[in-house]
Each structure stands twice: as C-alpha cells, then as structure tokens.
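Quick notes on the structure that follows.
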Amino acid sequence: MPNRSPYGNLTAVLVVVAFLELAINRLLGRLFVSPGCHTGLGCLLLATGPFLLHLTGALTLVVCTGGIVGHLRRGELFPRGMRLTVAVLSLIFLGLLALSLAFGRIPDRYHTHLETSFGFAVGLLVLSFVGADAVPVQRRVGFLLFALPPLFHVASSVAGRAGWLSQGVVTPERLTAAGEMILLLAAMTAPLLLVPRRLPRTRWGAAVALAAGVSGFFFVAFVGRTDLVQTVALYGVQLELPRPLTWLGALYVLSLFGYVTSVAMLVLSRGAARLVGLGMALVGLAGYQTSSPIALGLSLCGLVALATGTVRGGRSAAKADLPLSIAAWQALLEGIAAALGDARPAAD
C-alpha cells in the first residue's frame with residue numbers, strides 16, 4: 001500500500017487555486033471592487049474571479065472523482081458491500097456538480113438532491129472510516145469532528161427548505177449552531193488528534209509561531225475593526241462571527257490557532273501526513289454555511305483526502321511498530337556480526 005496518494009500533487013494544486021478563488025473572487029471581487037469596473041485592476045479582478053471559480057470547480061470534480069474511484073478500485077477504505085452505494089451516490093453528486101459547471105448554476109429544484117447526495121456520501125465515508133483497521137482512536141475522533149459539521153448544515157438546510165423541524169427542541173437553526181460548535185472544537189483539538197507525535201520539535205516551533213502570528217493579527221483586527229472582520233468571515237468562509245470580547249469570540253481565536261498549527265505541521269510533512277493537511281485546508285476553504293455546489297465539492301474532496309491520509313498514516317505507523325520476526329532478528333544479528341568482522345583490524 002503506498003504511503004502517498006497518487007492525487008496528492010493535484011490536491012495541492014486544488015488548495016492553491018481554491019485559496020486564490022477565496023481571496024480574489026469571494027473577498028476582493030465582492031467587498032473591495034465596485035461592479036462598475038472603473039479601474040484596470042478592478043476590471044482584472046472582476047474577470048479573474050469567475051475564471052478561478054470555474055477552475056476550482058473543474059479541479060474539484062477531477063480530484064474528487066479520482067479519489068473516490070481510486071478507493072473503490074483498491075478497496076482501501078470502503079467495504080465491499082458498500083462500494084455500489086458509494087458509487088451511485090457519488091455519481092449523483094458529481095453529476096450535479098458537473099451540471100452546475102456546465103450551465104453556470106444548478107436549478108433550484110435540484111438543490112435538495114445535491115445536498116442529500118452529499119450528505120449520504122459523507123455519511124458513508126464516516127461509517128467506512130470509523131470501521132477502518134489500524135486507525136488510532138484519536139484519529140477517528142478528529143476526523144469525525146470535521147465530518148459532522150457539513151452533515152449538520154446539510155440536515156439544517158434540507159429541513160428548513162422542506163419545512164421540517166420548525167417547532168420543537170431540534171430546529172434548523174439549532175442544528176446549524178451545533179455544527180458550528182463542533183467545527184470550533186475540531187479546529188481547537190486538531191493538533192492533539194490529527195498531528196503525529198513523532199514530528200521534529202523545530203517543525204512544531206515554526207508551526208506554533210506561525211499560528212500565534214496569524215491568530216494574534218486576527219484578534220487585533222477583530223477588536224479594532226469588528227464589522228470588517230465579520231464581513232470578511234461571512235463572505236469568505238460563511239461564518240457569522242460573534243463579538244470579539246466574549247467567550248465565543250475567544251473560542252474562535254483558539255480555533256484559528258489550532259487550525260493553523262495543524263495545517264502548517266501537516267503540510268510541511270511528507271506522505272500521508274501532508275495529505276491530511278491538504279484535506280484540512282480544503283475543508284476550511286470550502287466554508288461552513290454554504291449551499292454552493294463547488295463549495296460542497298471542496299468539502300467532500302477535503303474529507304476524502306483527510307480520510308485517505310489518516311488511514312494510510314495509521315497503517316504505516318502500525319507496520320513500523322510491529323516487532324521483528326525471528327528471521328528478521330537473525331538477519332539483523334548476522335549483519336551486525338559481519339560489520340564487526342569487517343571493522344576488526346588485520347593481524348600483523
């Protein structure tokens with residue numbers, strides 16, 4: 001079993017393109033550039049934004065299709081009895097995503113089908129990952145915390161559109177709030193649950209320093225320009241930020257610190273750990289309270305990459321921790337004896 005995803009490089013390209021789409025299309029194009037296109041830079045940004053959006057959607061379609069098909073062929077994650085169901089649901093979701101890319105938008109009557117197929121695909125992915133072998137308990141909990149918020153949001157969106165759960169204890173608004181709380185918990189605990197312990201201390205120091213700088217800048221900007229930061233978060237990752245000097249605002253700062261630390265540590269690593277970091281980056285770039293087909297595709301692609309890297313990393317660690325067999329010990333002792341014999345000085 002390879003320790004590295006065959007789509008790791010393309011996944012990294014998707015992360016870069018999705019970040020550019022977030023910065024140029026969702027933020028600069030909507031917040032800081034007037035629709036009238038009065039300057040050359042403004043015209044360039046208005047023209048680049050839709051291109052990056054469609055490029056992100058096309059790469060998401062390719063990477064997500066390749067990742068799911070690869071799992072179905074190798075049997076690495078999905079059990080045999082579940083593969084047909086996963087293939088059908090993924091085909092429905094990816095077909096609707098391709099339809100939205102071809103026609104620019106998806107018809108309103110297909111939104112429920114899009115979100116429902118996404119929810120079932122993520123649910124089957126969660127069930128397969130939880131039942132995977134050689135995955136530590138903390139890794140399973142970490143993945144589950146990142147996978148539950150999209151499921152809560154999809155359930156809230158479908159229930160709100162259909163008029164379900166309008167009265168009672170469980171309402172669409174409370175489902176959305178619960179998913180947001182789980183997402184904050186996932187980001188805060190990611191360094192403890194998803195980052196391997198055997199990484200160098202220098203890498204830990206660099207990641208913590210970067211996270212401290214980013215979260216510190218965010219806190220200062222959040223306190224000084226609360227309205228601007230709230231607007232950027234709403235347009236960027238579809239999160240409604242609270243007031244900064246509250247316990248919920250402190251949770252957002254801590255969540256950003258944990259998320260940046262984990263992504264930096266994992267992306268700077270190699271093999272399966274890097275794929276986990278790329279998956280976390282895609283989940284973050286997709287946002288939370290969104291119904292965009294491209295954003296949902298980014299979220300599914302990120303969860304597939306996160307599950308793939310975690311499963312492969314767990315199996316590699318399990319193989320590394322296995323005791324040596326008798327034959328392996330004999331070969332090792334024979335090699336040491338041969339090396340000592342060659343190093344013995346020749347007699348006069």
Side-chain angles (χ1 to χ4, degrees), residues 26 85-86 89-90 92-93 96-97 100 106 108-130 140-190 193-194 230-231 233-243 246-256 258-259 279-280 282-304 306-307:
R26 283 186 253 173
T85 307
V86 172
L89 292 174
S90 301
I92 294 174
F93 174 76
L96 292 174
L97 175 59
S100 68
I106 187 171
D108 295 335
R109 62 180 180 274
Y110 291 141
H111 269 293
T112 302
H113 301 81
L114 176 76
E115 294 174 344
T116 304
S117 59
F118 169 82
F120 277 109
V122 173
L124 292 176
L125 179 64
V126 170
L127 291 176
S128 302
F129 182 84
V130 170
R140 302 186 189 190
V141 175
F143 175 81
L144 188 63
L145 290 177
F146 274 100
L148 284 179
L151 292 178
F152 274 65
H153 170 63
V154 166
S156 172
S157 179
V158 173
R161 189 178 296 112
W164 302 335
L165 305 176
S166 58
Q167 297 179 353
V169 179
V170 181
T171 61
E173 292 77 13
R174 290 182 178 178
L175 283 176
T176 301
E180 185 176 347
M181 291 297 102
I182 296 174
L183 184 61
L184 294 179
L185 180 61
M188 283 189 292
T189 58
L193 298 177
L194 294 176
Q230 288 176 338
T231 304
L234 185 61
Y235 277 88
V237 292
Q238 291 81 40
L239 282 175
E240 297 182 3
L241 298 182
R243 294 181 179 179
T246 59
W247 67 270
L248 191 56
L251 287 182
Y252 270 91
V253 176
L254 292 176
S255 300
L256 180 62
Y259 179 79
M280 289 182 59
L282 289 177
V283 171
L285 291 171
Y288 176 52
Q289 300 182 42
T290 179
S291 59
S292 168
I294 296 177
L296 292 177
L298 273 177
S299 182
L300 179 59
C301 189
L303 291 175
V304 171
L306 180 58

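Just so you know, these numbers use all the heavy atoms, side chains as well, and skip hydrogens, waters and symmetry mates.
Here the CG atom belonging to Leu296 is positioned 7.0 Å from the NE2 atom belonging to His153, to the nearest 0.5 angstrom. Within the model, atoms OG1 of Thr189 and CG of Leu254 stand 12.0 Å from one another, a figure rounded to the nearest 0.5 Å. Considering OG of Ser299 and CG of Leu285, their distance stands at 11.0 Å, rounded to 0.5 Å. In this structure, the separation between CG on Leu185 and CG on Leu148 is 10.5 Å, given to the nearest 0.5 Å. Summarising the geometry, atom CG belonging to Leu96 is positioned 8.0 Å from atom NE2 belonging to His113; distances are rounded to the nearest 0.5 Å. In this structure, OG on Ser292 lies 8.5 Å from CG on Leu298, to the nearest 0.5 angstrom.
Taking all atoms of both residues into account, the shortest heavy-atom contact from Leu175 to Ser156 is CB-CB, 3.9 Å. Nearest approach of Ala186 to Phe146, heavy atoms of both residues: O-CE1, 3.7 Å. Looking at every heavy atom in both residues, Leu125 comes nearest to Ala307 through CD1-CB, 4.2 Å. Between Ala286 and Gln238 the shortest heavy-atom distance is O-OE1, 3.7 Å. Closest non-hydrogen pair, Tyr288 versus Pro149, comes out as CE1-O, 3.2 Å. Closest heavy-atom contact between Ser117 and Ile92: CB-CG2, 4.0 Å.
Put simply, the side chain of Tyr259 gets close to the backbone of Met280: a donor and an acceptor are under 3.5 Å apart. Ser128 contributes a side-chain N or O that, together with a main-chain N or O of Leu124, makes up a donor-acceptor pair within less than 3.5 Å. With hydrogens and angles disregarded, a donor-acceptor distance shorter than 3.5 Å links the side chain of Arg26 to the backbone of Gly236. Judged purely by atom type and a 3.5 angstrom limit, Ser255 uses its side chain to pair as donor or acceptor with the backbone of Leu251. A distance-only check finds a donor-acceptor pair linking the side chain of Gln230 to the backbone of Leu241 [under 3.5 Å].
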- Message: Using the rule given for side chain to side chain contact (heavy atoms under 4.5 Å, CB included), can you reason through Leu114 versus Phe93, listing the C-alpha separation, both sets of side-chain angles and the distance that settles it, and then say yes or no?
- Response: CA-CA 6 Å; Leu114 176 76; Phe93 174 76; 3.6 Å; yes

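The side chain to side chain contact (heavy atoms under 4.5 Å, CB included) test with Phe143 singles out one residue from Leu193, Val130, Leu306, and that residue is Leu306.
No side-chain heavy atom of Leu144 sits less than 4.5 Å from a side-chain heavy atom of Phe129. By the 4.5 Å heavy-atom criterion applied to side chains, Leu248 and Met181 are counted as neighbours. Side chains of Ser100 and Tyr110 form no contact here, defined as non-hydrogen atoms less than 4.5 Å apart.
Around the CZ atom of Arg161, the shell of radius 6.0 Å holds more than 12 heavy atoms that belong to other residues, nucleotides or ligands.
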